[in-house]
Amino acid sequence: MPELPEVETVRRGLEPVFVKQTFEKVTVNRPDLRWPFPDNMADRIAGTTVNALRRRSKYILADLDSGETLLIHLGMSGRIQITGATLGGFYHDHVAAQKHDHVIFDMTSGARIVFNDPRRFGAMDLISTADQNAQLLLRKLGPEPLGNTFHADYLVEALAGKKTPIKSALLDQRIIAGLGNIYVCEALFRAGISPEKLAGKVSKARVIALVPIIRNVLEEAIESGGSSLRDYRQADGELGYFQHSFQVYDREGKECAKAGCSGSVKRIVQSGRSSFFCPKCQR
DNA sequence: ATGGGGGCCTGCCGGC
DNA sequence: TGCCGGCAGGCCCCCA
């Protein structure tokens, strides 16, 4: 389920068990996720210490003291579970192996980090820390929506003349990195822009307004995830995604959440993906 | 070059 | 209860 805010929440949850910590043993239970794992992945990680834990778009990046960076992508169904560590005052005992536990990191601290991914749309790779753009997945990414290079001038330029619907454009990771189906729907709702509107036809003023809206939607979700993370005390140690209240996503047929709007949420399919919006106040 | 659709996987949910 | 179709928050690849 992970879009940028969920990935950032997971990254923050991993910090105490990864940063400055050392891998004792890495267990790899299958040869691949979406793609084959890099050669000797387990041996290249074991014995290294994590210098820093970063996020780029929906990728989690652990810089190892070996000069390599461990890249983790959660895909659609990837989950991370932490046991054997005291987190937020709660100690989680190791649990029995689950179906789809594909990679297990045992740290010298005693913490165990399990990557579980039923659909296997996730990915792991080892890349050069010094030359991360050698990784094609990272090279093509557009600006971070919460970073300095994402601003009004950029977005106006990036959308100019685009004949694709604004919904598709905002999902395009080359234009903006980290948005997924939910937060695009939510941002367009707040902006009052129809997902069907062609990107190049959205007025400049509305594109400019979209920038802080996108930032706010993401920041609120991260804040919400962060607070649930501080409190989380699930017995199995899973980094739970917070329950978040969406205004349009998955609300087909419900009344529009905008004050004073009498419309109702409609679901359409664009590029094979559901879009939720209020036809009355999103134009 | 650019945009749309198919495909990758498994699990879950609603309808019959 | 069981089966089946549809759907899922990502992303690459191919084709027009």
Side-chain angles (χ1 to χ4, degrees), chain A residues 1-11 29-37 55-60 71-80 98-103 115-125 135-142 145 157-189 195-201 214 217-218 220-222 224-225 228 238-253 265-277:
Chain A
M1 326 189 156
E3 299 184 30
L4 187 155
E6 291 75 24
V7 175
E8 176 61 21
T9 298
V10 169
R11 188 198 69 78
N29 289 329
R30 54 172 300 123
D32 56 19
L33 288 170
R34 176 158 186 183
W35 297 287
F37 291 128
R55 178 189 58 73
R56 172 76 169 108
S57 184
K58 300 169 193 169
Y59 298 90
I60 292 170
L71 174 152
I72 300 173
H73 194 284
L74 300 171
M76 293 272 265
S77 57
R79 289 178 176 265
I80 282 174
Q98 310 285 308
K99 198 175 178 184
H100 309 303
D101 283 352
H102 303 310
V103 180
F115 182 91
N116 180 290
D117 183 9
R119 291 175 73 182
R120 303 206 304 274
F121 288 173
M124 273 190 211
D125 197 7
Q135 214 321 342
L136 215 59
L137 299 170
L138 297 182
R139 188 193 308 174
K140 296 192 214 167
L141 292 175
E157 168 78 20
L159 299 183
K162 284 235 163 259
K163 296 194 183 81
T164 194
I166 183 75
K167 164 79 186 303
S168 309
L170 295 180
L171 276 178
D172 186 338
Q173 303 296 300
R174 294 167 301 182
I175 293 176
I176 174 171
L179 291 183
N181 207 27
I182 290 178
Y183 294 107
V184 168
C185 289
E186 294 297 314
L188 288 175
F189 171 75
E196 296 184 292
K197 184 102 175 166
L198 297 188
K201 297 279 191 184
I214 289 171
V217 165
L218 297 175
E220 286 169 27
I222 291 171
S224 162
S228 77
E238 183 174 301
L239 284 181
Y241 300 121
F242 46 94
Q243 291 297 313
H244 201 62
S245 55
F246 303 117
Q247 295 187 285
V248 280
Y249 185 80
D250 207 20
R251 293 193 71 244
E252 183 179 15
V265 177
K266 188 178 172 193
R267 172 181 175 271
I268 59 171
V269 175
Q270 294 177 284
S271 307
R273 323 237 2 226
S274 292
S275 295
F276 299 89
F277 72 112

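Order of the sequence lines sets the chain letters (A, B, ...), proteins ahead of strands, with each chain counted from 1. Computed from heavy atoms alone, side chains included, the values below leave out hydrogens, waters and symmetry copies.
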In whole angstrom, give the distance that lies between atom [atom1] of [X] and atom [atom2] of [N].
X        : N      : atom1 : atom2 : answer
A:Ile175 : C:dC11 : CD1   : C1'   : 15 Å
A:Lys140 : C:dG10 : NZ    : P     : 17 Å
A:Asp250 : C:dC7  : CG    : C1'   : 10 Å
A:Gln173 : C:dC13 : CD    : P     : 15 Å
A:Arg174 : B:dA1  : CZ    : C1'   : 10 Å
A:Arg79  : C:dG10 : CZ    : P     : 14 Å
A:Ile182 : C:dC7  : CD1   : P     : 17 Å
A:Asp172 : B:dT2  : CG    : P     : 10 Å

Next item on the list: Any strand is fair game: report the nucleotide pairing with C:dT1 by Watson-Crick or G-U wobble, both distances under 3.5 Å, or none.
Entry: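 Matched C:dT1 with nothing under the 3.5 Å cut-off.
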
Note to self: Which nucleotide, if any, forms a Watson-Crick or G-U wobble pair with B:dC9, using both distances under 3.5 Å?
What the structure shows: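 WC or wobble partner does not exist here.
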
Margin query: What I want to check is whether an N or O donor and acceptor connect the side chain of A:Arg120 with the base of B:dC9 at under 3.5 Å.
Written below: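 Under the 3.5 Å cut-off, the side chain and the base do not form any donor-acceptor pair.
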
Nucleotide nearest [X] (side chain, heavy atoms from C-beta), chosen from [options]:
X        : options               : answer
A:Pro118 : C:dC12, C:dC7, B:dT10 : B:dT10
A:Arg273 : B:dG11, B:dG4, C:dG9  : C:dG9
A:Met76  : C:dG9, B:dC9, B:dG3   : C:dG9
A:Glu6   : C:dC11, C:dG9, B:dG4  : C:dG9
A:Ser274 : C:dC12, C:dG9, C:dA8  : C:dA8

Item checked: Steps toward side-chain hydrogen bond (donor to acceptor under 3.5 Å, both in side chains) verdict (A:Lys167, A:Asn181) -> CA-CA 9 Å; A:Lys167 164 79 186 303; A:Asn181 207 27; 2.8 Å; yes

Please work out if [X] contacts a base, only the sugar-phosphate, or nothing of the nucleic acid, heavy-atom cut-off 4.0 Å.
X        : result
A:Lys99  : sugar-phosphate
A:Leu171 : nothing
A:Gln270 : nothing
A:Gly272 : nothing

Between [X] and [N], is there a contact of a side-chain N or O with OP1 or OP2 at under 4.0 Å?
X        : N     : result
A:Lys58  : C:dG9 : no
A:Thr164 : B:dG4 : yes
A:Lys162 : B:dG3 : yes
A:Tyr183 : C:dG9 : no

Next item on the list: Take A:Arg34 and A:His100, find for each the nucleotide of DNA chain B with the closest heavy atom, and name the residue whose nucleotide sits nearer the 5' end.
Entry: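 On the 5' side of the pair lies A:Arg34.
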
Notebook entry, point to check: Does A:Phe121 stack onto the base of C:dC11, taking stacking as ring centres under 5.5 Å apart and planes under 30° apart?
Noted result: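 The ring of A:Phe121 is not stacked on C:dC11.
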
Next item on the list: Sort out for me which residue in A:Phe115, A:Tyr59, A:Trp35 forms a ring-ring contact (aromatic ring centres under 6.0 Å, His included) with A:His73.
Entry: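 Of the listed residues A:Phe115, A:Tyr59, A:Trp35, the ring-ring contact (aromatic ring centres under 6.0 Å, His included) partner of A:His73 is A:Tyr59.
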
Next item on the list: Take atom P in C:dG6 and the same atom in B:dG6, then report the distance between them in whole Å.
Entry: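 Comparing P positions in C:dG6 and B:dG6 gives a spacing of 14 Å.
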
